[in-house]
Structures are given as structure tokens and as C-alpha cells.
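Working notes for the structure below.
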There are 2 protein chains.
Amino acid sequence: MKIEEEIKQEKFRSEHHKLMINLLFTSSWLQRMQMSVMRPYDLTPPQYNILRILRGSKGEMVNLGEITSRMIDRSSNTSRLIDKLVIKKWVSRKTCPNDRRQSEIYITQEGLKILEQLDKPIDSITEQFHFLSVKDTKEVNQFLDQLRNQNLNQII
Amino acid sequence: MKIEEEIKQEKFRSEHHKLMINLLFTSSWLQRMQMSVMRPYDLTPPQYNILRILRGSKGEMVNLGEITSRMIDRSSNTSRLIDKLVIKKWVSRKTCPNDRRQSEIYITQEGLKILEQLDKPIDSITEQFHFLSVKDTKEVNQFLDQLRNQNLNQII
DNA sequence: CAACATTAATTGTATGTACATATATTTGCC
DNA sequence: GGCAAATATATGTACATACAATTAATGTTG
């Protein structure tokens, strides 16, 4: 369904306004897809995001601030998310000996196993994007990057 | 900043995967922009969404299910959102006399006033999209619509 | 018309975000 | 060394979503 039909709105103030709504709507739809895949594994998208960041760090310790700065959702409350992952024993938290303010986090073997199980289902979501050519995909990526940088010129 | 820099990840599994992350990241960024505009008016994006739907209905009564089906975020808990708007006296709720299960909702004069005040700041967010030509905007809209419809072929 | 299914909305509980504040530790400067 | 500023994380509270269960009213069907 086109966005007009999805939210039952025939007219928009402009094509650009429609795009803004469409972005928000589609993102919300994507998140629901992810959730439906993760739910059986007792995992949520932000928790999954943290596990992916830790796996990407190849077993290295990563401090909490570093994780936050790499999250898809910048306003995630990483501290409390880590709490939940620690309870499930998928990550472990240690105070950094060099700087006791920091806590260093790493993914456990169990955490890695959960991630492995999720790789395929998550990939199948990404496959939904494959109808778009690589060239066009790059263009949309570029558009999104540019959009976020418009900000610098207008607000500041 | 490019998405690679934003989340400090140089490599992605594919250009398509990068686009998925970019969509989610940019949408989250957009929502924070909206929030910063709405906050001084004691309004949140989903509450604003409801007010816009009601204004679009030109003073007509709209029942709760109808509002939910038009929301940008489909999983909004409209019932509780309306509660908050009623407390602020920006909308009013009545039981539908023909079908007492339904509740009919309409926007008040005060609600309309708040919306008017927000029109300009919200428009200024939309203006960030203006660097993109109308032709390209249409193409991205089409891409998003297509993306959501891939679903029908793959999952079902 | 009475029993059962369906529908519309509300409510309960867990999870997560938004923003401000608090706590603990380290750093910089005199 | 001692004290203020800066930094890293944690916590309090309000708001919102996710999913299930409940309540109340209406439809349906034997």
C-alpha cells in the first residue's frame, strides 16, 4: 500500500512532507518486523543492537559511553539495557581498573550463540531491500546522509 | 556525517544493510528534531499526530479505532494518548449514541490554537527536505512504498 | 430469545526513551 | 596536596510502546 492509503490521507502539504511521514512510518514498520523476529529469543531491538556492537568489537572490552555513541537510537539508556543483558548472562560488566568511573563490557559465549541464531532471520529482513539496485541504494543512503546534515545550515 | 561515521562502523554486510540502518537512524534523528520543537508546547509526537488527524477531519467526530488506523506509529496506544489530551482540554471524548462501545473524539478550540502555533516550527523541519528535487522526492517515496510491499511476497 | 461469537475500547505489566539530577572518580590548577 | 571542574555512569520520574487480558456492547444463530 502507498503511504496515502496506509494512513488514509489523500493529500499532503507537499511531496517533501509526504516523504517525512513516509520515513517515519516505514521506520516504525521496520522496527515491528525486527521485533517479531527477535521476540522468540527474548531480545529487543536496542538489546540486539548492543550485542551486535560487542560482537563487532571481537571480544574486546568496550566501555558504556562507546556503546552509546554507536547505537542506532542515540537516546538509548545503555546503562539499563546492559543491566538486562547481564541478568540474561549474554554480556558481562567489569569496572575498568585504570579508570574506575568507566565500566567495561563484553559479550559472553552465550551471547554470541544467541546472535548466531538470529543472523539468518535478521538477514531475511535485509533481503527485502534487494529489489533496489545497488546504485539506487547508494543514492538513497546519500540522500539520508545529506538530510541529516541540512540541519547544520538551518538550525545553527 | 555519513552513517558510517555516525555509528562508527566502517563496513556493512552490504549497501542494502547499510540502508536499513540508515533508515532507522535517520528516523530516530527526525523524531528527536520533532520532539525538540514540540516540547515547549507540552506535546509529544504521537499526541501531535492525533491532533493533526482530528484537525484534518474538520471538526467531525472520529472514533478511536479510526484514529489508530491513521497513526504514523501503528502500535500507539490511542486510548491512553487521548486520556492525556482530554486532561489538557485539547480534545473531547463522547460515547457514540448509536454504538455505545465506540467513543467519538473531536478537537477543541484550544487544541486548534496549539496546532496553529506549531505549524511554522514543524514546517521548518519539512524544509530540511527541500534540497531534494520533487522528482527525486517522489522516487524515494516510491521506494519506501515498494519496500513495505516486498513483505507480502516474502513472508506470506 | 438465549447462548455464543465478534467488536471497540480499556487496562495490566514489562520494556524502553527523554530529560534532569545524583554519585563517584579523575583531571587540572593554584 | 587540596579543591573546583570535568567526566562516566547510574537513577528518578514521566511518557510511550508491546502484547495480553478484560470489559462492555452489539451481532449472529440455533
Side-chain angles (χ1 to χ4, degrees), chain A residues 24-25 27-51 61-88 90-91 93-105, chain B residues 24-25 27-51 61-88 90-91 93-105:
Chain A
L24 295 166
F25 183 86
S27 170
S28 160
W29 169 87
L30 253 177
Q31 280 180 280
R32 278 197 306 281
M33 294 252 301
Q34 291 188 324
M35 264 183 297
S36 73
V37 162
M38 294 174 191
R39 173 152 260 278
Y41 300 88
D42 190 24
L43 207 59
T44 61
Q47 288 177 19
Y48 176 76
N49 194 192
I50 290 176
L51 292 184
M61 301 280 210
V62 183
N63 71 47
L64 195 142
E66 179 70 14
I67 295 177
T68 305
S69 75
R70 292 193 191 168
M71 297 280 290
I72 294 172
D73 190 333
R74 276 296 161 72
S75 31
S76 293
N77 193 325
T78 313
S79 189
R80 284 189 271 234
L81 289 168
I82 299 280
D83 286 348
K84 305 241 165 91
L85 290 169
V86 167
I87 289 170
K88 288 187 270 201
W90 294 337
V91 311
R93 171 162 39 192
K94 261 197 226 176
T95 301
C96 170
N98 298 339
D99 183 343
R100 299 219 314 274
R101 287 168 305 180
Q102 293 184 36
S103 68
E104 291 187 325
I105 294 129
Chain B
L24 294 166
F25 183 87
S27 169
S28 160
W29 169 86
L30 251 179
Q31 279 179 280
R32 277 197 306 281
M33 293 252 300
Q34 292 188 325
M35 264 183 297
S36 73
V37 162
M38 294 173 193
R39 172 154 260 279
Y41 300 89
D42 190 24
L43 207 58
T44 61
Q47 288 177 19
Y48 176 75
N49 194 190
I50 290 176
L51 291 185
M61 301 279 209
V62 183
N63 71 45
L64 195 142
E66 180 70 13
I67 295 177
T68 305
S69 74
R70 291 194 192 166
M71 298 278 292
I72 293 172
D73 190 334
R74 275 296 160 72
S75 31
S76 293
N77 193 325
T78 313
S79 189
R80 283 190 271 233
L81 289 168
I82 299 280
D83 287 347
K84 306 242 165 91
L85 290 169
V86 167
I87 288 168
K88 288 186 270 200
W90 295 338
V91 311
R93 172 162 39 192
K94 262 197 223 174
T95 302
C96 171
N98 298 339
D99 182 345
R100 299 220 313 275
R101 288 169 305 180
Q102 293 185 36
S103 69
E104 291 186 325
I105 294 127

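The figures here come from the full heavy-atom set of this structure, side chains too, leaving out hydrogens, waters and symmetry mates. These figures come from a predicted structure and were not determined experimentally. So you know, we letter chains A, B, ... as the sequences are listed, proteins then strands, and number each from 1.
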Notebook entry, point to check: Taking atom types as modelled, is there a side-chain donor on B:R32 or B:S28 under 3.5 Å from an acceptor on the other?
Noted result: yes
Notebook entry, point to check: Which whole-number value in Å describes the distance from A:D73 CG to D:dT17 C1'?
Noted result: 13 Å
Notebook entry, point to check: Taking CE from A:M35 and P from C:dA14, how many angstroms apart are they, rounded to a whole number?
Noted result: 18 Å
Notebook entry, point to check: In Å and rounded to the nearest 0.5 Å, what is the CG to CZ distance from B:N49 to B:R70?
Noted result: 11.0 Å
Notebook entry, point to check: Could you run down nucleotides 5-15 of chain D 5' to 3' and tag each one B, S or - for protein heavy-atom contact under 4.0 Å?
Noted result: --BSSSBBB-S
Notebook entry, point to check: Toward the 5' end of DNA chain C, which comes first, A:R100 or A:P45, by nearest nucleotide?
Noted result: A:P45
Check: More than 12 heavy atoms of other residues, nucleotides or ligands under 6.0 Å from NZ of A:K88: is that the case?
Finding: yes
Notebook entry, point to check: Side chains of A:L43 and A:L51: closer than 4.5 Å at any heavy-atom pair?
Noted result: yes
Item checked: Sub-4.5 Å side-chain heavy-atom contact between B:M71 and B:L81 -> yes
Next item on the list: Starting from the 5' end of DNA chain D, give me the residue, A:R39 or B:L43, whose nearest nucleotide shows up first.
Entry: B:L43
Checklist line | Nearest non-hydrogen partners of B:Q47 and B:D42, listed with the distance | finding: OE1-O, 4.1 Å
